[in-house]
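Below: the structure, in structure tokens.
Note on naming: letters A, B, ... go to the chains in the order of the sequence lines (proteins, then strands), and numbering restarts at 1 for each one.
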Number of protein chains: 2
Amino acid sequence: MTKIKNMEEFAALSGISRPTVSKYFHDPDSVRATTRARIEEALEKFDYRPNIFAINQNRKLTKNVGIVVPYLADPFFAEIARYLEQGCIAAGFRPTLFSSYGEPRLENEILDGLRSLKPAGVLLAPLGRASDKAYIERFCRDVPTVLFDSNLDGIGAAFVGSDNFSFVSQTVEYLTRTGEAPAFFEMRTPANPNANKRRTAYLHMMGRLGFEPQVIKVEGEGWAFEEIGRAGAVKMLERNELRTDAVLCSNDRLAIGLLSACYELGVRVGRNKDCALRVASNDNHPFSRFTCPALTTAAHDYDNVAGRSVETLVHLIESGGKFGHRTETLFPARLILRESA
Amino acid sequence: MTKIKNMEEFAALSGISRPTVSKYFHDPDSVRATTRARIEEALEKFDYRPNIFAINQNRKLTKNVGIVVPYLADPFFAEIARYLEQGCIAAGFRPTLFSSYGEPRLENEILDGLRSLKPAGVLLAPLGRASDKAYIERFCRDVPTVLFDSNLDGIGAAFVGSDNFSFVSQTVEYLTRTGEAPAFFEMRTPANPNANKRRTAYLHMMGRLGFEPQVIKVEGEGWAFEEIGRAGAVKMLERNELRTDAVLCSNDRLAIGLLSACYELGVRVGRNKDCALRVASNDNHPFSRFTCPALTTAAHDYDNVAGRSVETLVHLIESGGKFGHRTETLFPARLILRESA
DNA sequence: GCAAAAACTTATCGCGCGTAAAGTTTTTGT
DNA sequence: ACAAAAACTTTACGCGCGATAAGTTTTTGC
């Protein structure tokens with residue numbers, strides 16, 4: 001088991017010329033089966049791996065893929081990042097995960113750093129409202145990028161996400177069918193464009209069904225949604241602002257805060273007779289099963305959103321980094337009934 | 001604003017020789033103030049960045065740092081990863097984040113991939129029991145590595161984590177002082193060595209205080225701790241196994257599941273007279289504030305654990321990758337009293 | 001079995017930068 | 001002001017691999 005320094009040495013030991021070995025590492029199926037076997041035999045004996053920096057320096061197209069999410073400490077993004085990473089690896093790419101942790105400055109820096117990684121493509125869930133859109137647009141002009149989760153009009157080669165109307169229409173329909181029409185509970189200045197789409201969908205659905213809408217906007221900035229939801233809910237409940245006994249939260253993290261407030265104030269939540277409030281929400285956050293009571297929510301299709309995002313990116317890369325026109329793919333929600341509504 | 005191809009061109013444009021420019025990028029303080037000014041002036045005008053692959057290929061020591069955690073969808077690890085990333089950046093390194101998602105095979109693959117990144121150092125929170133310890137040990141022999149959160153005896157140049165005895169002693173002391181002595185609630189085969197230390201500390205404390213210990217071991221494998229805790233708690237409560245009215249959970253995620261079970265079964269949790277159970281736990285998980293009731297827990301010193309981990313790694317790197325002897329640094333817990341106990 | 005196609009070999013260049021040596025200029029301390 | 005030290009410039013090589021061209025061997029199809 002000698003230590004192998006470079007591909008030259010390894011090629012000599014395997015009895016194959018270096019260019020052919022190089023071809024093998026680029027795509028094992030591009031060489032003859034017999035030579036592939038000889039290389040792989042040598043590979044077992046000598047445990048050599050090409051120098052990744054030398055590879056990337058010289059290849060025009062690397063196998064790197066950047067995955068950028070707005071806040072990794074949010075289990076929703078951690079979860080979808082997990083799917084995306086696995087999808088990229090399965091497609092033969094080397095994903096690297098980045099989180100901008102809610103800071104536009106950091107988001108820009110990540111894109112800058114990504115540039116110098118010469119990535120074949122990037123999967124980007126932008127911060128949203130806070131994003132430096134011109135900056136991102138410039139980035140997308142240079143690097144094949146698929147946006148996911150959070151759409152920015154016209155930016156990136158494609159968008160893959162969830163159909164917010166499907167989310168809200170199902171919960172509103174369910175709530176109105178089984179009880180009173182819901183109020184809508186959200187942040188005053190949501191970080192994410194999905195929030196706006198959800199509010200619009202709520203207003204639309206209420207109009208269509210002939211109910212009077214009520215939108216409760218709570219104060220707070222940043223990504224501490226649970227605390228913002230809790231504090232806002234305390235105010236809302238103490239002031240008795242609700243004109244109905246049902247609340248639809250813009251997202252599960254707000255709902256978690258709201259349920260926490262209800263518990264503190266002794267407001268019973270659920271669909272039983274002795275309950276004062278029904279609460280539903282959106283996202284199927286990994287913890288929504290464990291709130292008290294368990295949260296009725298509209299679930300993202302994690303599998304399909306992540307899967308299609310990767311597919312689209314691979315397709316984009318194979319198409320040379322440009323699409324004829326920008327596509328937007330939306331997956332519908334799946335309503336998950338639990339105890340809270 | 002011409003496009004600059006390489007350092008040669010940039011050096012010419014800035015009026016400084018290439019080797020000096022190279023030195024500047026390695027360490028801006030290593031060049032004279034006047035030349036530094038000239039370079040930085042040119043840098044603003046021309047926006048050039050050295051090719052990161054060429055740098056890393058030729059430097060014996062890169063500025064890369066790998067951060068490896070066992071499960072990034074666990075907000076505890078996402079949170080500590082956030083601190084670590086920021087610490088590494090502040091120290092002038094380029095961190096890359098990896099998660100083994102509970103799979104030993106993936107953990108090994110990450111270490112393999114890390115090897116070829118020639119990292120200056122690695123911050124590793126191993127899976128624990130499931131880890132391939134021989135594999136990790138071999139890795140640590142080649143790459144300067146600081147373990148954090150989860151200790152593996154003798155592996156890595158140093159360990160930084162939390163003092164499990166401090167966690168458990170404070171909660172046990174508090175619970176016994178204010179009511180009945182607690183039972184200990186944990187997984188039968190915990191993934192993490194901290195769990196074993198916590199059980200031992202519990203038994204020790206109970207002995208010291210003269211109480212009869214009771215350890216409840218719930219079934220379940222993997223990293224879905226909430227569901228394991230919930231299912232186990234349902235069984236425990238239905239069978240009426242508890243010989244006390246207080247439960248100390250091994251970690252917050254189990255506690256979240258337990259609280260969920262209590263809610264479902266109508267068992268009131270808290271320190272009020274009308275409550276049937278008190279629940280305390282360990283970790284100060286980001287969501288522990290929002291459980292119902294809010295969870296009394298022993299908090300990790302995120303700041304110090306992450307800060308010291310980075311410090312130790314930087315020190316290790318500056319020492320040439322080896323320490324005289326392996327150090328273990330433990331930070332005590334801070335007891336956080338909330339409604340659950 | 002034969003020609004064409006496919007896969008291989010040898011040879012050579014280039015990528016962008018780190019690094020070292022030798023010579024030149026600038027700064028420093030007194 | 002002067003010598004020593006520090007910082008710079010020029011020159012040159014090497015890192016490990018991608019890529020290409022020209023020539024050779026093997027495979028393929030009929």
Rounded off to whole Å, could you give me the CD1-to-P distance for the A/Ile55 and C/dG16 pair? 17 Å

Tell me which nucleotide among C/dC8, C/dG16, C/dG18 gets nearest to the side chain of A/Arg32. C/dC8

Sole residue of B/Pro126, B/Ser309, B/Ser162 in side-chain contact (heavy atoms from CB on, under 4.5 Å) with B/Phe148: B/Ser309

Please determine whether any donor N or O and acceptor N or O are separated by less than 3.5 Å between the side chain of B/Arg18 and the base of C/dG16. no

Positional range of nucleotides in DNA chain D within the contact set of chain A, heavy-atom, under 4.0 Å: D/dG16 to D/dT27

Integer-rounded Å distance: C/dC15 P and A/Asn56 CG: 17 Å

Integer-rounded Å distance: C/dG16 P and B/Met7 CE: 12 Å

Please report, rounded to the nearest Å, how far the C1' atom of C/dG16 is from the CZ atom of B/Phe10. 15 Å

Rounding to a whole Å, what distance do you find between B/Asn58:CG and C/dC17:P? 10 Å

Quick one: on DNA chain C, does B/Ile52 or B/Pro19 contact a more 5' nucleotide (nearest heavy atom)? B/Ile52

Between A/Arg326 and A/Glu328, does any side-chain N to carboxylate O distance fall below 4.0 Å? yes

Let me spell it out: for each of B/Gln57 and B/Ser30, pick the nucleotide of DNA chain D with the closest heavy atom. Which residue's pick is nearer the 5' end? B/Ser30

Less than 6.0 angstrom separating the ring centers of B/Phe331 and B/His300, yes or no? no

What's B/Tyr24 touching, base or sugar-phosphate or nothing? Going by heavy atoms closer than 4.0 Å. nothing

Answer yes or no: are there more than 12 heavy-atom neighbours, outside B/Asp142 itself, under 6.0 Å from its atom CG? yes

Over its full length, what angle do the end axes of the helix from C/dG1-D/dC30 to C/dT30-D/dA1 make, each axis taken from five pairs and the result rounded to 10 degrees? 30°

Using a 4.0 Å heavy-atom cut-off, does B/Thr20 contact any base of the nucleic acid, only the sugar-phosphate backbone, or nothing at all? base

Could you say whether B/Ala54 or B/Arg38 is positioned toward the 5' end of DNA chain D, judged by the nucleotide with the nearest heavy atom to each? B/Arg38

Out of B/Glu40, B/Arg32, B/Arg36, which residue meets the side-chain hydrogen bond (donor to acceptor under 3.5 Å, both in side chains) rule with B/Tyr24? B/Glu40

Do A/Phe76 and A/Tyr302 have their ring centres less than 6.0 Å from each other? yes

So what does A/Phe25 touch, heavy atoms closer than 4.0 Å: a base, only the sugar-phosphate, or nothing? nothing

Hey, are A/Tyr135 and A/Asp112 close enough side-chain-wise for a donor-acceptor pair under 3.5 Å? yes

Parallel, tilted or perpendicular: rings of B/Phe323 and B/His315 (30°, 60°): tilted

Salt bridge or not between A/Arg82 and A/Glu85? Use side-chain N to carboxylate O under 4.0 Å. no

Take atom NZ of B/Lys63 and atom C1' of C/dC17, then tell me their distance rounded to the nearest Å. 17 Å

